[in-house]
*Asks:* 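Sending over a structure as structure tokens; questions will come in a sec.
Side-chain atoms are counted along with the backbone in the values below, which use heavy atoms only and exclude waters and symmetry mates. Order of listing sets the numbers, starting from 1, for every ligand and every atom in it.
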Amino acid sequence: MKIAVVGRGNVGGGLADLWEKAGHDVMRIGKEGGDVSDAEAVLVAVPGGAVADALDNVQGLDGKTVIDATNLVGVEPPSGFQSNAEFVKSKTNGPTAKSFNINFARLYDQLGKARSKPSNIWTGDEEARSVVEQLTRDAGYEPVHGGPLENARIQEGFLQVFFAISKDTGPFLYRMAPPEEL
Ligand SMILES: NC(=O)c1ccc[n+]([C@@H]2O[C@H](COP(=O)([O-])OP(=O)(O)OC[C@H]3O[C@@H](n4cnc5c(N)ncnc54)[C@H](OP(=O)(O)O)[C@@H]3O)[C@@H](O)[C@H]2O)c1
């Protein structure tokens, strides 16, 4: 599949590496922007408050299948939207999914060592299912669907629960992946 990742940091760069290993053709886009017209799937993996700026610099988004992996750390979704994922859809009018936001990028290189395949929850449009589920499996996770795109705000809000779990599970998980990285 031809994939464009917008944001080439821990998440964008990390998933790009995993998808390339699985045989996909990945274009990596940073702050300079780029054209995603050729892509069959687009991943958005920029800081949660930078989504509007980032998408302003990306051409060819119309109708694209987009996976939004962003988290809202200390910021709100753009005005008028309940979630970043719904804002993303307003820019593309294409199939949209929220996914990869509640898995630590720091653990990507350990996915193959897990005793059972870790889950990766996604919420979003049925039309995005085949792409998001294939790319979830190709990254090394088992996809779990959490309902329609209206549930993306709950998935984004789940970060607070995830932070609390990480804190409670103590030093081990914290050392593996400090919650502020999400
Ligand atoms: N780290 C995790 O474990 C984790 C897990 C799940 C979700 N998340 C979420 O995923 C997103 C990315 O996290 P990350 O850890 O990958 O962050 P990161 O390593 O800091 O990478 C952020 C990337 O976003 C790009 N960027 C920043 N502002 C931009 C803009 N205005 N336009 C275009 N690109 C822009 C940067 O581009 P340049 O390369 O040009 O500087 C950089 O490549 C965040 O929303 C985060 O909350 C993180």
*Asks:* Pull out every atom of ligand 1 sitting under 4.0 Å from any heavy atom of Gly48, numbered as shown with elements.
*Replies:*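 The atoms of ligand 1 under 4.0 Å from a heavy atom of Gly48 are 45 (O).
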
*Asks:* Could Arg8 and Glu32 be called an ion pair, given the rule that one side-chain N must be under 4.0 Å from one carboxylate O?
*Replies:* yes

*Asks:* With no hydrogens and no angle check, is any side-chain donor or acceptor of Glu156 less than 3.5 Å from a backbone partner on Ala85?
*Replies:* yes

*Asks:* May I ask you to list the atoms of ligand 1 that are less than 4.0 angstrom from any heavy atom of Gly30?
*Replies:*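 Near Gly30, meaning under 4.0 Å from one of its heavy atoms, ligand 1 has 33 (C), 34 (N), 40 (O).
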
*Asks:* Where does Ala54 meet ligand 1, judged by heavy-atom distances below 4.0 Å: at the side chain, the backbone, both, or neither?
*Replies:*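 Both backbone and side chain.
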
*Asks:* From the options Pro47, Ala52, Ala69, Gly33, select the one whose nearest heavy atom is closest to atom 24 (O) of ligand 1.
*Replies:* Pro47

*Asks:* Between Val11 and ligand 1, does any nitrogen or oxygen pair lie at a separation below 3.5 Å?
*Replies:* yes

*Asks:* Does CG in Leu61 sit with more than 12 non-hydrogen atoms of other residues, nucleotides or ligands closer than 6.0 Å?
*Replies:* yes

*Asks:* Hey, does Gly9 come in under 3.5 Å of ligand 1, counting only N/O atoms on both sides?
*Replies:* yes

*Asks:* Could you check which of Asp68, Thr70, Asn10 puts a non-hydrogen atom nearest to atom 14 (P) of ligand 1?
*Replies:* Asn10

*Asks:* May I ask you to check whether over 12 heavy atoms, not counting those of Gln59, lie within 6.0 Å of atom CD?
*Replies:* yes

*Asks:* Is Asn103 in contact with ligand 1, taking contact as a heavy-atom separation below 4.0 Å?
*Replies:* yes

*Asks:* Between Asn84 and Leu72, is there a donor-acceptor pair closer than 3.5 Å when you use the side chain of the first and the backbone of the second?
*Replies:*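 Judged by distance alone, no pair lies under 3.5 Å.
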
*Asks:* Would you please determine whether Asn57 falls within less than 4.0 Å of ligand 1 on a heavy-atom basis?
*Replies:* no

*Asks:* For the ring pair Tyr108 and Phe100, is the centre-to-centre distance below 6.0 Å?
*Replies:* no

*Asks:* Check ligand 1 against Asp53 and write out every atom of the ligand that is under 4.0 Å from a heavy-atom position of the residue.
*Replies:*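 Once the distances to Asp53 are compared, the set is 31 (N).
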
*Asks:* Hey, which of Thr70, Asn71, Asn120 is the one that makes side-chain hydrogen bond (donor to acceptor under 3.5 Å, both in side chains) with Asn101?
*Replies:* Asn71

*Asks:* Do any N or O atoms from the side chain of Lys64 and from the backbone of Ala39 form a donor-acceptor pair under 3.5 angstrom?
*Replies:* yes

*Asks:* For Phe100, take its heavy atoms, then give the atoms of ligand 1 lying under 4.0 Å from any of them.
*Replies:* 6 (C), 7 (C)

*Asks:* Does Lys89, at its NZ atom, have more than 12 non-hydrogen atoms belonging to other residues, nucleotides or ligands within less than 6.0 Å?
*Replies:* yes

*Asks:* Can you find an N/O atom of Asn101 closer than 3.5 Å to an N/O atom of ligand 1?
*Replies:* no

*Asks:* I need the single residue from Arg153, Glu150, Gln155, Lys98 that forms a side-chain hydrogen bond (donor to acceptor under 3.5 Å, both in side chains) with Thr123. Which is it?
*Replies:*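 Looking at Arg153, Glu150, Gln155, Lys98, the match for Thr123 under the side-chain hydrogen bond (donor to acceptor under 3.5 Å, both in side chains) is Gln155.
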
*Asks:* Would one find an N or O of Arg106, backbone or side chain, under 3.5 Å from an N or O of ligand 1?
*Replies:*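 No, there is no polar N/O contact under 3.5 Å.
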
*Asks:* Any atoms of ligand 1 less than 4.0 Å from a non-hydrogen atom of Ala105? List them with their elements.
*Replies:*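 Result: 1 (N), 2 (C), 3 (O).
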
*Asks:* Of all the atoms in ligand 1, which lie at a distance below 4.0 Å from a heavy atom belonging to Phe104?
*Replies:*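 The atoms of ligand 1 under 4.0 Å from a heavy atom of Phe104 are 3 (O).
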
